[in-house]
Engineer: 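Take a look at this one; I'll ask things after.
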Amino acid sequence: MDDGIDAIFTKAKQGRALFQDRSALSPEFIPDHLPFRESQISNIAQVLGTALHGSKPSNLLLYGKTGTGKTAVARLVVRKLQNQDDSKQILATYVNSRIAGTEYRTLFKIAEALPLEEDKRIPLTGLSISEVVGRIFESIAKNGIHFVLILDEIDYLVNSEHETLYQFTRAGEQVAPGFLTIVGISNDLRFKEALDPRVLSSLGEEELVFPPYTTEELRSILAERAKAAFKPGVVPESTINLCAALAGSEHGDARRAVDLLRIAGEVAEREGHQSVDEECIRKASQKVERDRVEEALQSLPLQNKIIIIAASKFPGGTNTGEVYLAYSNLARKSSAEVLTQRRVSGILAELDVLGLVEAAVVSKGRRGRTKRIKVLIDNETLARVIGEDAGLLDLA
DNA sequence: CCTCCACTGGAAACCTAGGCTC
DNA sequence: GAGCCTAGGTTTCCAGTGGAGG
């Protein structure tokens, strides 16, 4: 074991540090210059610029697939807007509704950015949605705030019966003398269809589409980032090309491309390479996928883990009924509650979305209609990751 | 062309754990 | 403490269904 440790350190010593500024590749990093997005930037700047003479800018709606720069562009423009604001009345915040999780937590995050009096703070739970919205409006009005709200993945808010979005777009009077401008961001191009037309008309006053980056554009972006992040000469052009090609084949996702490059750099450094070669990119690509699966697996609730173990007993794939049978046995054995088949069917659908299981609906004619279920994780990984759970050791 | 299986997936209702207000 | 609220997971109920076998 000691040899292993020594070997790692020796390698680390040999390889010189390849990074000069790792943060230039971090997911939160927003460069001052976003190439190929000049027109979107100037568009947004023009709209939001109104706020500098104290009147309310139009609401904005930004569309485009993941990694097309929507979030970065919105945050960059808003950041510069705040820098230009001498009156210091402009307040901006960024909330991702999907990451926040629920409508209530989204509002909670929004409220965090606002000055709230001691007795008006928002608790993690307990208040009605309308009460929280009321407190947010009150704070904006009282302090005369010019509030620019960037709502990322806004699609997660449309299916609410509270009509929070509607209230937000119609805040007008209630927040005077302050105002509330919404910059909505959506990955889902069909999201408009689900939106209440009243909301759409005011939310979509200005609409902007972000097309995916081409492989060539990705290459140029990566080259620029690599120049800032790595020491000169450690990232050959072929590496950039491969990285761009890998990400480009996945619909021009710049975030993925940048992630890949960062991890490849870490791999190269750890293994004591003098440069980040194509091999490192390939390894990084595998690592990203492996991490995603293990993380998803680990954070699964107990019942979902038992279900996936049950499903893994059928390497060739099976159907819902079989999985349910196996599951209920396992659950009883580990003295967990036994859920209904309806719920198990639902959980299998969730696992499908996570990409841990393949659950396609198939019809077998006379023999009914069910999901064809196949676990997409090999049994060793499953045993290793889930085996850490005491109580589930008696599995495979 | 019709049947009928083994479910699917929508809807509503229920439950628990948290927190509010009075 | 009583009587409200919410989130989020679950159960209950059930109409709906693709297509192989008749």
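Chain letters run A, B, ... following the sequence lines, proteins first and then strands; every chain starts at 1. Any value given below was found using the heavy atoms of this structure, including those in side chains, with hydrogens, waters and symmetry copies removed.
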Engineer: So what does A:Gln341 touch, heavy atoms closer than 4.0 Å: a base, only the sugar-phosphate, or nothing?
Structural biologist: sugar-phosphate
Engineer: Round to the nearest Å and state the distance from A:Asn319 atom CG to C:dG18 atom P.
Structural biologist: 18 Å
Engineer: Counting distance alone, no hydrogens or angles: does the base of B:dG9 have a donor or acceptor under 3.5 Å from a partner atom on the side chain of A:Arg342?
Structural biologist: yes
Engineer: Just how far, in rounded Å, is P of B:dG19 from OH of A:Tyr104?
Structural biologist: 10 Å
Engineer: For DNA chain C, which residues in residues 367-376 of chain A have a heavy atom at a distance below 4.0 Å?
Structural biologist: A:Gly368, A:Arg369
Engineer: Taking only the side-chain nitrogens and oxygens of A:Ser363, find out if one of them lies under 4.0 Å from OP1 or OP2 of C:dT17.
Structural biologist: no
Engineer: Measuring to OP1 and OP2 of B:dT8, would you say a side-chain N or O of A:Thr320 lies under 4.0 angstrom away?
Structural biologist: yes
Engineer: Could you tell me which residues satisfy salt bridge (charged side-chain N to carboxylate O under 4.0 Å, His left out) with A:Glu206, sequence neighbours excluded, listed by chain and number?
Structural biologist: none
Engineer: Give the rounded distance in Å between these two atoms: CG of A:Leu339 and C1' of B:dC15.
Structural biologist: 14 Å
Engineer: Quiz question: by atom type and distance under 3.5 Å, do the side chains of A:His33 and A:Glu224 form a donor-acceptor pair?
Structural biologist: yes
Engineer: Does the side chain of A:Ser345 come under 3.5 Å of the side chain of A:Lys371 through a donor N or O and an acceptor N or O?
Structural biologist: yes
Engineer: I'd like to check A:Val183 versus A:Val77 (side-chain heavy atoms, cut-off strictly below 4.5 Å). Are they in contact?
Structural biologist: no
Engineer: Rounding to an integer number of Å, can you tell me how far A:Phe108 CZ sits from B:dG19 P?
Structural biologist: 11 Å
Engineer: What are the residues of residues 352-359 of chain A, sorted by number, that bring a heavy atom to within less than 4.0 Å of DNA chain C?
Structural biologist: none
Engineer: Over 60° means perpendicular and under 30° means parallel, so tell me whether A:His146 and A:Phe179 are parallel, tilted or perpendicular.
Structural biologist: parallel
Engineer: Search all heavy atoms of A:Val276 against all heavy atoms of A:Pro236 and return the closest pair with its distance.
Structural biologist: O-CD, 3.2 Å
Engineer: Atom CZ of A:Arg105 and atom C1' of C:dA7: how far apart are they, to the nearest Å?
Structural biologist: 8 Å
Engineer: Tell me whether A:Arg343 is salt-bridged to A:Glu350, with the criterion being a basic N under 4.0 Å from an acidic carboxylate O.
Structural biologist: yes
Engineer: For the atom pair CG (A:Asn329) and OH (A:Tyr324), what is the distance rounded to the nearest 0.5 Å?
Structural biologist: 10.5 Å
Engineer: By nearest atom, which of the nucleotides B:dC7, B:dC4, C:dT11 is closest to the A:Arg366 side chain?
Structural biologist: B:dC4
Engineer: Round to a whole Å and report the spacing from CD of A:Gln303 to C1' of C:dT10.
Structural biologist: 10 Å
Engineer: Take the protein atom CD of A:Glu131 and the nucleotide atom C1' of C:dT6, then report the distance between them rounded to whole Å.
Structural biologist: 13 Å
Engineer: A:Ile347 CD1 to B:dT8 P: how many Å, rounded?
Structural biologist: 13 Å
Engineer: Can you tell me how far apart CD1 (A:Ile373) and OG1 (A:Thr320) are? Round to the nearest 0.5 Å.
Structural biologist: 3.5 Å
